[in-house]
K.L.:
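Sending over a structure as structure tokens; questions will come in a sec.
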Amino acid sequence: MLDIACGTGRFLDFVKQTWPRLPVVGLDLSEAYCRHARRHLSRWSRVDLVVGNAESIPAPDSSFDAVTCIFAFHELPPQARRNALRECARVLKPGGRFVLLDSLQRGDVQDYDGVLEKFPHNYHEPYYGSYIGEDFSAVARQYGLMHKRDTMAFVSKVMVFDKPPNR
């Protein structure tokens with residue numbers, strides 16, 4: 001499993017608590033975050049932390065069964081989001097799954113649409129406005145990923161995409 005924008009490794013720690021033998025890789029732009037994650041995850045085996053960019057994941061094609069990304073896509077400019085999604089599709093094995101957790105988007109929960117529109121102005125989120133309108137299903141389809149479902153959780157959304165198996 002690959003976790004993009006792994007930060008300090010908290011999510012990877014939860015994953016390892018559930019599946020201690022699962023090999024995991026955390027990728028983050030920040031060397032400081034990766035250092036912290038190494039210390040935080042030191043009790044676990046089969047953990048690799050890599051400083052790198054999600055737009056050019058330093059891994060071979062079809063090398064992961066699962067890829068996750070938590071609360072990073074809304075921080076990316078539109079083209080960077082697309083590049084990262086393309087890379088997720090590239091490194092996923094056929095039959096693999098990409099799970100993206102981030103903010104709700106416009107239209108997900110109509111009562112929150114006004115708050116979502118104001119959020120980038122109130123909290124200096126320069127790419128959030130384009131994020132809330134992004135059609136991830138269509139973008140993912142361009143890269144061979146099939147949108148399976150969304151699950152809303154308060155102001156968050158989990159989007160699940162699968163890479164079809166080879167036939």
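Note that the structure is predicted; figures quoted are calculated from it, not measured. The chain is numbered in sequence order, starting from 1.
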K.L.:
Taking Met1 as the fixed residue, which of Val67, Val99, Thr68 is the one that meets the side chain to side chain contact (heavy atoms under 4.5 Å, CB included) rule?
P.N.:
Thr68
K.L.:
Verify, without hydrogens or angle tests, whether Asp102 (side chain) and Phe73 (backbone) share a donor-acceptor contact under 3.5 angstrom.
P.N.:
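Checking the backbone N and O of Phe73 against the side chain of Asp102, a donor-acceptor pair under 3.5 Å is found.
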K.L.:
Does any non-hydrogen side-chain atom of Arg46 lie less than 4.5 Å from one of Lys16?
P.N.:
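They are in contact (side-chain heavy atoms under 4.5 Å apart), so the answer is yes.
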K.L.:
Is Asp113 salt-bridged to Arg106, cutoff N-O under 4.0 Å?
P.N.:
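The answer is no: the pair does not qualify as a salt bridge.
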K.L.:
Taking atom CD of Glu31 as the centre, report whether more than 12 heavy atoms of other residues, nucleotides or ligands fall under 6.0 Å from it.
P.N.:
no
K.L.:
Can you find a side-chain donor-acceptor pair between Asn83 and Glu87 that sits under 3.5 Å?
P.N.:
no
K.L.:
How long is the straight-line distance from CG of Leu2 back to CG of Asp65, given to the nearest 0.5 Å?
P.N.:
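Taking CG in Asp65 and CG in Leu2, the distance rounds to 11.5 Å.
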K.L.:
Would you tell me whether Ser103 and Tyr128 have side-chain atoms, one donor and one acceptor, within less than 3.5 Å of each other?
P.N.:
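A donor-acceptor contact under 3.5 Å links the two side chains.
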K.L.:
Once rounded to the nearest 0.5 Å, what's the spacing between atom CG of Asp162 and atom CE of Met146?
P.N.:
9.5 Å
K.L.:
Do side-chain atoms of Glu125 reach the backbone of Phe119 as a donor and acceptor pair under 3.5 angstrom?
P.N.:
no
K.L.:
Are any of the side-chain heavy atoms of Cys6 and Phe11 separated by less than 4.5 Å?
P.N.:
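Counting from C-beta outward, Cys6 and Phe11 never come under 4.5 Å.
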K.L.:
Is it the case that atom CD in Gln110 sees more than 12 heavy atoms from other parts of the structure closer than 6.0 Å?
P.N.:
no
K.L.:
Do Leu100 and Val158 have side-chain heavy atoms sitting under 4.5 Å apart?
P.N.:
no
K.L.:
Would you confirm whether Arg39, through its side chain, and Cys34, through its main-chain N or O, come within 3.5 Å as a donor-acceptor pair?
P.N.:
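No, Arg39 side chain to Cys34 backbone: no donor-acceptor pair under 3.5 Å.
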K.L.:
Heavy atoms, side chains only, cut-off 4.5 Å: are Ser156 and Leu101 in contact?
P.N.:
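Side-chain contact under 4.5 Å: yes.
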K.L.:
Please say whether more than 12 non-hydrogen atoms of neighbouring residues, nucleotides or ligands are located less than 6.0 Å from CZ in Phe136.
P.N.:
yes
K.L.:
Using only atom types and a distance under 3.5 Å, with no angle test, would you say the side chain of Lys163 pairs donor to acceptor with the backbone of Ala89?
P.N.:
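Between the backbone of Ala89 and the side chain of Lys163 there is a qualifying donor-acceptor contact (under 3.5 Å).
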K.L.:
When you check the gap from the basic side-chain N to the acidic O, do Arg82 and Glu134 get nearer than 4.0 Å?
P.N.:
yes
K.L.:
So, do Leu116 and Val109 sit near enough that their side-chain heavy atoms are less than 4.5 Å apart?
P.N.:
no
K.L.:
In the structure I gave you, are the side-chain heavy atoms of Leu29 and Val51 within less than 4.5 Å of one another anywhere?
P.N.:
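No, too far: nothing below the 4.5 Å cut-off.
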K.L.:
Do Asp3 and Val25 have side-chain heavy atoms sitting under 4.5 Å apart?
P.N.:
no
K.L.:
Taking the side chain as every heavy atom from C-beta outward, state whether Leu145 and Leu92 have any atom pair closer than 4.5 Å.
P.N.:
yes
K.L.:
With a 3.5 Å distance limit and no angle check, can you tell me whether Asp28 reaches the backbone of Gly7 through a side-chain donor-acceptor pair?
P.N.:
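Yes, the answer is positive, given that a donor and an acceptor are paired below the 3.5 Å cut-off.
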K.L.:
For the residue pair Phe154 and Tyr112, categorise the inter-ring angle as parallel (less than 30°), tilted (30 to 60°) or perpendicular (more than 60°).
P.N.:
perpendicular
K.L.:
For the OG atom of Ser56 and the CZ atom of Arg90, what is their distance to the nearest 0.5 Å?
P.N.:
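Those atoms lie 8.5 Å apart.
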K.L.:
Under a plain distance cut-off of 3.5 Å, with no hydrogens placed, do Arg81 and Ser130 share a side-chain donor-acceptor pair?
P.N.:
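Result is yes, a qualifying pair exists.
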K.L.:
Give the ring-plane orientation class for Phe161 versus His147, where under 30° counts as parallel, over 60° as perpendicular and anything between as tilted.
P.N.:
tilted
K.L.:
Please check if the number of heavy atoms outside Tyr127 that lie under 6.0 Å from its OH is greater than 12.
P.N.:
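Open: at most 12 neighbouring heavy atoms sit under 6.0 Å from OH of Tyr127.
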K.L.:
Verify the neighbour count for atom CZ of Arg21: are there more than 12 heavy atoms of other residues, nucleotides or ligands below 6.0 Å?
P.N.:
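For Arg21, atom CZ is not crowded (no more than 12 foreign heavy atoms under 6.0 Å).
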